[in-house]
Amino acid sequence: MIRSLIHCAAPQRATIFLNPLRRVHSAPPLPRQPVPDLRKTLTHYLRSLQPLVSEEELESTRELVEYFLRPGGQGEELQRQLHKRAEKTDNWLTDWRQECIYLENHLPLPVHSSPAVILPQQEYNDWRGQLRFASKLICGVLDFKAKIESPGGLQELWRGQRLCPDQYYKFFGSYREPGIKRDRILFQPRNKPHHVTVCKNYQFFELDVYNSDGSPLTEDQIHQQMLFLRAHSKKTDKEPVGVLTTDHRNSWGRAYSALIRDRLNRESVRSIQRSLFTVCLDATALKYSEDLYSSRTAAQMLHGGGSHANSGNRWFDKTLQFVVGEDGTCGLICDQATADASAMLTMLHHVFNYCSEGPSLQPPRTPLTRVPPPRKLYFNFPPESKQHIEQAKRNLDILVNDLDICCFSFPDFGKKFPQRYKMRPGAFLQVCLQLAYYRLHGSLCATSEAVSLRAFHHGRSDIVRCSSPEVLEFVQAADDPKKSASFGWGQRCVVQPQFCLGGAKKNIC
């Protein structure tokens with residue numbers, strides 16, 4: 001199952017509405033995430049199973065649930081331990097969820113885990129425009145970082161409700177270190193990282209983005225650094241070391257242990273780990289027709305195109321990877337082990353608005369100490385590491401060839417159509433998926449919807465199950481030619497099911 005999400009933002013076609021960031025002083029602490037009632041939780045669980053399993057399976061599950069809930073039983077003891085954990089931790093769920101879903105998952109990060117965001121294609125189509133846009137993009141990210149770290153901080157509001165900002169402070173400098181059994185997250189002190197990692201032609205560079213007085217470099221200063229970097233990376237490295245990060249996590253964990261035995265390799269990897277984020281300067285992909293452009297660009301963002309394309313120009317362990325192509329394509333690849341995609345989209349919204357502004361009028365600074373040129377990160381490749389790279393390339397190409405992506409625009413209507421009938425677009429699409437699956441297979445499928453828990457201290461996101469008896473009743477009615485639905489002033493429909501989505505009931509019809 002592909003768990004990555006591709007968010008496409010095309011000019012004049014789609015707008016990403018993101019929560020505004022507002023300055024709040026001395027805000028009260030957010031409430032702790034409560035422990036849900038066990039019996040209510042299992043009641044909802046049984047209800048979500050009802051349209052998915054047979055009567056015999058459902059009855060058997062009911063008996064197991066009742067046995068689990070018996071007085072003095074296992075359920076009661078586990079619930080007591082859960083309450084005890086909630087009293088001792090900032091958030092009883094976040095750490096567990098991070099470990100189970102991400103850090104203990106051995107599947108490769110590209111395609112299976114790391115979502116990709118496609119930005120509108122830029123108007124340049126050569127390396128000069130690429131370097132200029134990349135320079136401005138870096139300035140936009142640094143501007144966002146400065147705002148969230150400014151005195152008084154920044155607070156995100158959603159419908160007047162404050163959301164936990166903890167994730168924003170973990171974007172920069174974080175790194176997912178591979179392990180044989182499980183990964184771990186490395187964080188850098190907030191004021192320590194002063195450079196970004198830039199990848200070009202399978203080569204990695206350390207690029208300082210702050211002056212000696214702590215002020216960020218201007219766009220022109222960064223652009224000069226980019227020109228130097230390009231002049232020293234015209235030839236493609238023979239060994240695409242970045243491909244190692246695309247492999248299964250336990251395989252990469254073994255290769256990682258072997259790679260950093262060498263002192264030079266260890267220093268280069270440590271530089272990438274300590275960097276604020278990564279910028280991937282991609283070569284132009286193969287030319288495709290306009291009809292295939294969106295699909296091919298989506299594939300490039302998700303996995304880089306394979307071992308002979310731009311996949312070696314990535315380092316998937318970094319939380320943030322900005323991709324800037326020579327042909328005007330650009331986007332973001334992010335690791336959700338550290339932060340959710342929704343928070344990263346808020347950051348990206350700020351960065352894209354910054355990049356959409358005109359040329360910077362900021363006067364050039366004269367730093368106290370001259371900014372050093374970008375430093376190339378070198379690697380040694382003993383026979384064992386070369387074997388690991390070849391194995392990672394084979395596994396990656398299998399993954400790339402096994403993935404089909406087809407992006408298309410649905411012209412008939414957009415999100416305003418369900419909103420006109422007081423339906424939430426997310427709920428509308430969930431039921432559309434169920435109806436399509438029912439017409440193909442004659443049954444519902446197990447689906448889920450993301451829900452934010454950031455209203456709680458250190459809260460992140462989770463999922464809710466969207467299948468319900470009401471949805472089954474609706475799709476059966478919608479697929480029955482003997483029944484009809486009429487939408488008028490009274491918004492009448494044969495079936496008016498409701499189901500719980502993120503804690504609130506949503507009207508489907």
Side-chain angles (χ1 to χ4, degrees), residues 1-5 33 35-36 41 45 74 78-79 81-82 84-86 88-116 164 166-167 170-171 173-188 242-260 269 272-273 302-303 314-321 333-344 388 391-392 395-396 398-399 402-403 446-454 456-465:
M1 176 182 178
I2 298 173
R3 295 168 53 194
S4 296
L5 304 178
Q33 185 166 320
V35 176
T41 298
Y45 168 67
Q74 189 179 33
L78 291 175
Q79 185 76 348
Q81 293 182 21
L82 190 57
K84 188 176 180 180
R85 171 181 167 83
K88 295 181 177 180
T89 58
D90 291 331
N91 189 297
W92 63 267
L93 176 62
T94 296
D95 291 344
W96 276 352
R97 184 176 183 275
Q98 181 188 58
E99 292 177 6
C100 294
I101 295 181
Y102 300 111
L103 302 184
E104 295 178 356
N105 191 335
H106 291 221
L107 290 172
L109 295 186
V111 177
H112 291 282
S113 180
S114 296
C164 182
D166 182 63
Q167 297 180 47
K170 297 179 179 179
F171 282 167
S174 55
Y175 184 87
R176 180 168 172 174
E177 186 179 46
I180 298 175
K181 292 185 178 180
R182 63 187 297 275
D183 295 352
R184 66 169 180 163
I185 303 297
L186 304 180
F187 295 105
Q188 304 299 325
V243 169
L244 289 171
T245 67
T246 69
D247 209 354
H248 290 75
R249 299 306 293 175
N250 51 346
S251 300
W252 170 214
R254 287 188 289 270
Y256 174 81
S257 299
L259 185 71
I260 63 174
V269 171
I272 297 173
Q273 291 175 344
L302 271 181
H303 50 60
R314 304 281 188 273
W315 200 274
F316 280 93
D317 295 350
K318 284 301 292 182
T319 300
L320 296 176
Q321 285 194 102
I333 308 165
C334 48
D335 176 33
Q336 294 188 101
T338 304
D340 297 325
S342 59
M344 293 183 183
H388 289 148
Q391 183 62 46
N395 291 339
L396 172 66
I398 291 172
L399 178 65
D402 193 46
L403 176 67
T447 59
S448 60
E449 175 83 357
V451 58
S452 176
L453 299 174
R454 291 177 58 203
F456 303 112
H457 182 56
H458 287 184
R460 288 192 54 180
S461 65
D462 206 343
I463 57 173
V464 291
R465 302 298 175 182

List the residues meeting side chain to side chain contact (heavy atoms under 4.5 Å, CB included) with T338, not counting sequence neighbours, and say none if there are none. K170, S174, I185, F187, T319
Tell me every residue that passes side-chain hydrogen bond (donor to acceptor under 3.5 Å, both in side chains) with D340, counting only those two or more places apart in sequence or in another chain. Q167, R460, S461
Report the residues that fulfil side chain to side chain contact (heavy atoms under 4.5 Å, CB included) with L82, sequence neighbours left out, ordered by chain and then residue number. V35, Q79, W92, W96
Using the side chain to side chain contact (heavy atoms under 4.5 Å, CB included) criterion, which residues pair with I260? Sequence neighbours excluded. Y256, R266, V269, R270
In chain order, what residues pass the salt bridge (Lys or Arg N to Asp or Glu O under 4.0 Å) check against K84, with sequence neighbours excluded? none
Sorted by chain and number, sequence neighbours left out, salt bridge (Lys or Arg N to Asp or Glu O under 4.0 Å) with R97 holds for D462
Is the shortest side-chain heavy-atom distance between L93 and Q33 below 4.5 Å? yes
For F171, give me all partners under ring-ring contact (aromatic ring centres under 6.0 Å, His included), at least two apart in sequence or on another chain. Y168
Checking H248 now: which residues fulfil side-chain hydrogen bond (donor to acceptor under 3.5 Å, both in side chains) with it, not counting sequence neighbours? none
For R184, what residues pass the salt bridge (Lys or Arg N to Asp or Glu O under 4.0 Å) criterion, not counting sequence neighbours? E177
With sequence neighbours left out, write down each residue that passes side-chain hydrogen bond (donor to acceptor under 3.5 Å, both in side chains) with R249, or none if nothing qualifies. D183, D317
Report the residues that fulfil side chain to side chain contact (heavy atoms under 4.5 Å, CB included) with A446, sequence neighbours left out, ordered by chain and then residue number. L52
Name all residues meeting the side-chain hydrogen bond (donor to acceptor under 3.5 Å, both in side chains) criterion together with N250; count only those two or more places apart in sequence or in a different chain, and write none if there are none. H106
